[in-house]
Visitor: 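Pasting in a structure now, in structure tokens, and then I'll have a few things to ask.
Everything numeric in this text was worked out from a predicted model, so none of it was measured. Read the numbers this way: they start at 1 and go in the same order the structure lists the ligands and their atoms.
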Amino acid sequence: MKVIVCKDYDDMSKKAADLVISNIKEKPQIKLGLATGSSPIGLYKNLISANEDGEISFKFAKSVNLDEYIGIDPANDQSYQYFMNENLFNHVSFADTKLPYAPENDEKYAEEYNKYLDDFGQRDIQILGIGENGHIAFNEPGEVLNRRTSIVKLSQSTIEANSRFFESEEDVPKYAISMGMSDIFNAKTIILLANGKKKHDAVKKLIEGNTIDPKLPASFLSLHPNVYIYVDEEAYRG
Ligand SMILES: O=P(O)(O)OC[C@H]1O[C@](O)(CO)[C@@H](O)[C@@H]1O
């Protein structure tokens with residue numbers, strides 16, 4: 001894992017975006033794995049600017065996303081579909097984009113997404129955030145982790161952390177559909193973004209830890225040959 005310590009959120013976003021931009025220049029038909037949450041918003045802003053400046057184009061690019069809440073309509077402003085539209089898809093024109101979708105807790109929707117991912121093939125880049133509890137996508141700390149896309153129950157810590165985007169904690173969905181660990185790993189390069197003091201514990205364990213532990217799902221990233229961790233000073237030093 002290559003750790004790149006950045007001054008602040010903007011610096012982290014710019015440096016991570018530069019890596020994505022250079023990959024898009026090299027391979028316009030790039031396959032991207034995209035993430036939601038506050039961590040990648042700045043990166044997406046940089047991609048939008050580079051697209052507006054004519055530096056890159058998404059005309060031939062395709063994307064898949066990590067996860068989506070269950071029980072929230074894609075048109076709802078709390079859905080990850082809405083988030084992606086607002087923060088990227090409404091601003092640049094992709095050849096194709098896809099998010100997992102499950103209107104109810106039924107594994108058949110996960111199977112459908114797994115089929116889609118199998119046809120999509122290996123991504124060139126997978127972008128990730130990290131939860132305060134060390135989750136990646138919605139793979140929550142536990143005894144075991146899912147290999148493939150599944151319906152998952154959110155941990156209390158994630159519900160609390162994500163309640164900042166909702167009117168109250170009760171409004172946060174309790175279930176999601178999420179790529180599993182082997183899906184996340186099916187990418188040539190993984191970029192993980194972590195900023196702010198609240199991420200320090202997870203980041204410290206991830207960078208300094210010498211174990212691979214399902215109680216810290218992000219620790220499995222050390223098994224992947226090409227991971228870049230862009231971390232700001234606050235998340236790095238605490
Ligand atoms: O970037 P944030 O908002 O801190 O969220 C961290 C992670 O949590 C999730 O939002 C899921 O809870 C991921 O999509 C994200 O990577």
Visitor: If you measure only the distance, is there a donor-acceptor pair under 3.5 Å linking the side chains of Thr189 and Asn226?
Guide: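 Yes, Asn226 and Thr189 have a side-chain donor paired with an acceptor closer than 3.5 Å.
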
Visitor: Do Lys153 and Tyr175 form a cation-pi contact, if we require the NZ or CZ to be under 6.0 Å from the six-membered ring centre and within 45 degrees of the ring's axis?
Guide: yes

Visitor: Short list, please: which atoms of ligand 1 are under 4.0 Å from a heavy atom of Ile130?
Guide: 6 (C), 16 (O)

Visitor: Checking Lys62 against Phe120: charged group under 6.0 Å from the ring centre and within 45 degrees of the axis?
Guide: no

Visitor: Please indicate whether any nitrogen or oxygen in Phe138 is less than 3.5 Å from any nitrogen or oxygen in ligand 1.
Guide: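 No, there is no polar N/O contact under 3.5 Å.
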
Visitor: Pick, from Glu132, His135, Glu140, the option with the minimum heavy-atom distance to atom 9 (C) of ligand 1.
Guide: His135

Visitor: With the threshold set at 4.0 Å, does a side-chain nitrogen-carboxylate oxygen contact exist between Lys15 and Asp11?
Guide: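 A salt bridge is present here (some side-chain N lies under 4.0 Å from a carboxylate O).
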
Visitor: Is there a nitrogen or oxygen of Ser38 sitting under 3.5 Å from a nitrogen or oxygen of ligand 1?
Guide: yes

Visitor: In the protein, which heavy atom is nearest to atom 4 (O) of ligand 1, and how far is it?
Guide: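 Its nearest protein heavy-atom neighbour is Lys199 NZ, 2.6 Å.
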
Visitor: For Glu104, does the CD atom sit with more than 12 other heavy atoms under 6.0 Å from it, leaving out its own atoms?
Guide: yes

Visitor: I want to confirm something. Looking only at heavy atoms, which of Asn195, Leu34, Thr36 is nearest to atom 15 (C) of ligand 1?
Guide: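 Result: the heavy atom closest to atom 15 (C) of ligand 1 is in Thr36.
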
Visitor: Would you call Lys14 and Asp18 a salt bridge, taking side-chain N to carboxylate O under 4.0 Å as the test?
Guide: yes

Visitor: Run through Thr211, Ile212, Val227, Asn210 and flag the one making a side-chain contact (heavy atoms from CB on, under 4.5 Å) with Ser222.
Guide: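 Among the candidates, only Ile212 passes.
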
Visitor: Examine the proximity of ligand 1 to Ser39 and report which part, side chain or backbone, both or neither, has a heavy atom under 4.0 Å away.
Guide: both

Visitor: Inspect the contact between Asp232 and Lys7 and indicate whether a charged nitrogen and a carboxylate oxygen are less than 4.0 angstrom apart.
Guide: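 A salt bridge is absent here (no side-chain N lies under 4.0 Å from a carboxylate O).
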
Visitor: Just to check, does Arg164 reach to within less than 4.0 Å of ligand 1 when the distance is taken from its heavy atoms?
Guide: yes

Visitor: Of all the heavy atoms in Leu193, does at least one lie under 4.0 Å from an atom in ligand 1?
Guide: no

Visitor: Would Leu128 count as a contact of ligand 1 if the rule is a heavy atom under 4.0 Å away?
Guide: no

Visitor: Hey, which atoms in ligand 1 end up nearer than 4.0 Å to a heavy atom of Gly129?
Guide: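 Close to Gly129: 16 (O).
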
Visitor: Do me a favour and list the nearest non-hydrogen protein atom to atom 10 (O) of ligand 1 with residue, atom name and distance?
Guide: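 Protein heavy atom with the smallest distance to atom 10 (O) of ligand 1: Tyr80 OH, 3.4 Å.
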
